[in-house]
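These numbers come from a predicted model, not from an experiment.
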Amino acid sequence: MVNLKYFVSLHYNYRTFEMKLSQNRYLQLFCLVVIFLALVRTIFPSVAKPKGEGQEPQQEMQAGQPLTADASEVKDTTLAKVLTEAAPEAGETAPAEAPTQSPAPAPKADKDAKKALNGVPSTSRFFNPDGSVARHRIVSVPSYTDAFPDLQDVQIVAANKWGVSPVQNRAEAESRKSELVYVGSNPYFFVEPLRQSIPYLVPRASVLLQDIGRNFFDSLQVKGLPLHKIVVTSVLRSKDDVARLRRGNVNATENSCHMYGTTFDIAYNRYLRVEETDSAYRKDRTAGDVRLKQILSEVLNDLRKQGRCYVKYEVKQSCFHATVR
């Protein structure tokens, strides 16, 4: 009975409140609240800002007072803003006690960069400061005989170490291809038609020959000469090839390093210009420019000093006789 009276009373009060709060009274009350909030924002604008915005730093910087550790933790953007606002206006005189900071000296790298043109640094070995190609002078060697004195007794040791066992004839050489690599004309060197040797080398010697041709190209480029290929005149020789050579040349060695696939001959009196085709090569022609021989001697001398090969200067055969190490 008590619960029923409670709900009847609650329903009566709600209906009474609903009758008293008409639509017009609701609109009037809403307008009063809006006007009140507008007055509060006008009088206290900070209440409308996000939390933390517009707050001053806890520690102020005073004129002539060093920056403390806490103040140094202020963000870079805030510090830049403070320093900008603290700068004197146009026409004002800066305080006398403010020290003037001299510009830091430019590092050496910046000085070199300022001297460079077209993006080429002035310290480049291959370009001048104005961007043109730097020409290197030809050094050659003092004496071909003194620079390349490696005789048979020296080269045969390396041939036995790195080479294959000698082959009897060309047919046997064909069956030994698993130990040898084919050596043919390519962008770095030209192999002239072989009559007394076979175009095969051990891989180590083949890499050496490739490096000689590539280094020769690089040297011609930096010295401003037209590109030429070196000419390979002899590669692997069989025992039959050596026997035929000894019948026509008494100076030919019976135990030739060429039989081990570690040795090759490079002509120093003829070259193949890159613009020419292989069919234009003539064996009897000589290079009109002795500088090509000098540059080739530089390349071989560098590799010999690096311990990569032995080289003998052959006067009668007009070639450099090289064995890989």
When clusters are formed by joining ILVMFWY residues with side-chain heavy atoms under 4.5 Å apart, either directly or through shared neighbours, do Leu39 and Val34 land in the same one?
no

Counting N and O atoms only, with roles assigned by atom type, does the side chain of Arg170 sit under 3.5 Å from a partner on the main chain of Ser197, one being a donor and the other an acceptor?
yes

Where the side chain of Thr253 meets the backbone of Ser256, is there a donor-acceptor pair that is under 3.5 Å apart?
no

Minimum heavy-atom distance Ala267-Leu296, with the two atoms named
O-CD2, 3.9 Å

Taking the side chain as everything from C-beta on, heavy atoms only, tell me whether Arg244 gets closer than 4.5 Å to Gln196.
no

I'd like to know whether CZ of Arg41 has more than 12 heavy-atom contacts from other residues, nucleotides or ligands below 6.0 angstrom.
no

All heavy atoms of Arg176 vs all of Glu172, minimum pair found to be CG-O, 3.1 Å

Here the pair of heavy atoms bringing Pro45 nearest to Thr42 is CD-O, 4.0 Å

Lys305 bridged to Asp302 by N-O distance under 4.0 Å
no

Hydrophobic cluster membership, Val164 vs Leu209, 4.5 Å side-chain cutoff
no

Would you confirm whether Gln152, through its side chain, and Asn255, through its main-chain N or O, come within 3.5 Å as a donor-acceptor pair?
yes

Can you check whether Leu180 reaches Val202 side chain to side chain, under 4.5 Å on heavy atoms?
yes

Gln155 side-chain N/O to Asp150 backbone N/O, donor-acceptor pair under 3.5 Å:
yes

Separation between NZ of Lys177 and OH of Tyr182, rounded to the nearest 0.5 Å:
9.5 Å

Side chain to side chain contact (heavy atoms under 4.5 Å, CB included) between Glu314 and Phe148: does it pass, once the steps are laid out?
CA-CA 9 Å; Glu314 298 282 357; Phe148 309 111; over 6 Å; no

Pairing donors with acceptors under 3.5 angstrom, does anything connect the side chains of Arg270 and Thr233?
no

Does Arg204 reach the side chain of Thr262, with side-chain heavy atoms less than 4.5 Å apart?
no

Taking the side chain from Ser297 and the backbone from Gln294, do they hold a donor-acceptor pair closer than 3.5 Å?
yes

Can you tell me how far the CG atom of Leu245 sits from the OG atom of Ser234, to the nearest 0.5 Å?
7.5 Å

Roughly how far apart are Leu32 CG and Leu37 CG, rounded to 0.5 Å?
11.0 Å

Sub-4.5 Å side-chain heavy-atom contact between Tyr310 and Lys312
no

Which atoms form the tightest heavy-atom contact between Arg325 and Gly307, and what is the distance?
CB-O, 3.6 Å

Any link between Val139 and Val311 through a network of hydrophobic side chains (Ile, Leu, Val, Met, Phe, Trp, Tyr) touching at under 4.5 Å?
no

Check for a donor-acceptor pair, side chain of His258 on one end and backbone N or O of Leu236 on the other, with a separation under 3.5 Å.
no

Looking at every non-hydrogen atom in both residues, tell me the closest pair between Cys309 and Leu300 and how far apart they are.
SG-O, 4.5 Å

Taking all non-hydrogen atoms of both residues, which atom of Ala205 and which atom of Gly261 are closest, and how far apart?
CB-O, 3.8 Å

Side chain to side chain contact (heavy atoms under 4.5 Å, CB included) between Phe264 and Ile212, intermediate numbers included
CA-CA 12 Å; Phe264 48 85; Ile212 293 174; 3.9 Å; yes

Is there a path of hydrophobic side-chain contacts, each under 4.5 Å between heavy atoms, that joins Leu201 and Tyr188?
yes

Decide whether Val274 and Ile295 are clustered together by the hydrophobic rule: side chain heavy atoms of Ile, Leu, Val, Met, Phe, Trp, Tyr closer than 4.5 Å, transitively.
yes

Ignoring hydrogens and geometry, is there a side-chain-to-backbone donor-acceptor pair from His228 to Pro226 under 3.5 Å?
yes

Could I get the full list of ring pair (Phe, Tyr, Trp, His ring centres under 6.0 Å) partners for Tyr313, not counting sequence neighbours?
Tyr144, Tyr268, Phe320

Output every pair passing salt bridge (charged side-chain N to carboxylate O under 4.0 Å, His left out) with a member in residues 291-300, not counting sequence neighbours, ordered by first then second residue.
Lys223-Glu298, Asp289-Arg291

If you count every heavy atom of other residues, nucleotides or ligands that lies below 6.0 Å from Phe217 atom CZ, does the total exceed 12?
yes

Ile198 side, atom CD1; Arg237 side, atom CZ - distance, nearest 0.5 Å
11.0 Å

So, Asn186 side chain and Phe189 main chain: donor-acceptor pair closer than 3.5 Å or not?
yes

I would like to know whether Leu220 and Leu292 meet side chain to side chain contact (heavy atoms under 4.5 Å, CB included); could you show each step before the answer?
CA-CA 8 Å; Leu220 292 175; Leu292 298 178; 3.6 Å; yes

For Thr323 and Thr263, indicate whether the former's side chain and the latter's backbone hold a donor-acceptor pair under 3.5 Å.
no

Other than Tyr260, which residues form its hydrophobic cluster under the rule that side-chain heavy atoms must be closer than 4.5 Å?
Ile156, Val157, Val242, Met259

Determine whether Leu194 and Val232 satisfy the following criterion, side chain to side chain contact (heavy atoms under 4.5 Å, CB included), listing intermediate values before the conclusion.
CA-CA 9 Å; Leu194 302 175; Val232 180; 5.9 Å; no

